[in-house]
Amino acid sequence: QVQLVESGGGLVQAGGSLRLSCAASGITFSSTAMGWFRQAPGKERAFIAAISWSGGTTYADSVKGRFTISRDNAKNMVYLQMNSLKPEDTAVYYCAADRRTIRAVTTTPNYWGQGTQVTVSS
């Protein structure tokens, strides 16, 4: 079974930083595109960042220059470094995976984690 487990969420003040981690299992991680989404109350789940198996990345405009996605294939881990956090970044953050392409991860990923809450106070 495929499992994605997020960690690192919590409460942070505006302007602060947080790093989210996602541990993947049950997949050939090195050939899997990974991504991060977020969902605020009353809003649709939105794509924020993705990384291909070869390390190429893509970001939503809302987080460009502030968030960085990375991966460690030796550890089957993907990370989201979040800097200059804003109250509007408050949401449940989800790790996602897709064995197809990075584009697939940005739209309809095959697998999802359980989510981790990030709250940014003003």
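- For the pair Thr108/Arg103, no side-chain contact is recorded, criterion being any heavy-atom separation below 4.5 Å from C-beta on.
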Check your understanding: Stepwise, does the side-chain contact (heavy atoms from CB on, under 4.5 Å) test hold for Met34 with Cys95?
Key -> CA-CA 7 Å; Met34 304 295 297; Cys95 180; 3.7 Å; yes
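- Using a 4.5 Å heavy-atom threshold, the side chains of Leu80 and Ile48 count as touching.
- A heavy-atom distance below 4.5 Å is found between the side chains of Tyr59 and Thr68.
- Put simply, the side chain of Met82 does not reach to within 4.5 Å of the side chain of Val12, judged on heavy atoms.
- Between Val78 and the choices Leu4, Ile69, Asn73, the side-chain contact (heavy atoms from CB on, under 4.5 Å) rule is met once, by Ile69.
- In terms of heavy atoms, Ala91 sits closest to Ala40 at CB-N, 3.8 Å.
- Note on residues 99-122: pairs passing ring-ring contact (aromatic ring centres under 6.0 Å, His included), not counting sequence neighbours, are Phe37-Trp112.
- In this structure, CG on Asn76 lies 8.5 Å from OG1 on Thr32, to the nearest 0.5 angstrom.
- Evaluation of the side chain to side chain contact (heavy atoms under 4.5 Å, CB included) rule for Thr58 yields Phe47, Ala50, Ile102, Thr106 as partners, not counting sequence neighbours.
- Side-chain heavy atoms closer than 4.5 Å link hydrophobic residues (I, L, V, M, F, W, Y) into clusters, and following such links, even through other members, never connects Val118 to Val5.
- Between the CZ atom in Arg38 and the CD atom in Glu88 there is a gap of 8.0 Å [rounded to 0.5 Å].
- A distance of 9.0 Å separates CZ of Phe67 from OG of Ser84, quoted to the nearest 0.5 Å.
- Distance CD/Gln81 to CZ/Arg66: 12.0 Å, rounded to 0.5 Å.
- Summarising the geometry, atom OG1 belonging to Thr101 is positioned 6.5 Å from atom CH2 belonging to Trp53; distances are rounded to the nearest 0.5 Å.
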Check your understanding: Should Gln114 and Glu6 be marked as a side-chain hydrogen bond (donor to acceptor under 3.5 Å, both in side chains) after you check the CA-CA gap, both sets of side-chain angles, and the distance that decides it?
Key -> CA-CA 7 Å; Gln114 83 288 348; Glu6 303 97 331; 3.1 Å; yes
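- Because its NZ or CZ atom is both nearer than 6.0 Å to the ring centre of Tyr94 and within 45° of the ring axis, Arg45 counts as a cation-pi partner of that residue.
- Between the side chain of Thr116 and the main chain of Ser7, no donor-acceptor pair closer than 3.5 Å is present.
- One hydrophobic cluster, built from ILVMFWY side chains closer than 4.5 Å, cannot hold both Tyr79 and Tyr93; they sit in different ones.
- When side chains are defined from C-beta on, Ser121 counts as touching Leu11, because their heavy atoms get closer than 4.5 Å.
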Mind listing the side-chain donor-acceptor pairs of residues 13-30 below 3.5 Å, one per line with the distance, residues two or more places apart or on another chain?
unit_1	atom_1	unit_2	atom_2	d
Ser17	OG	Asn83	OD1	2.8

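- Rounding to the nearest 0.5 Å places CZ of Arg71 at 12.0 Å from CE of Met77.
- Taking the charged nitrogens against the carboxylate oxygens, Asp89 and Lys86 have no contact shorter than 4.0 Å, which rules out a salt bridge.
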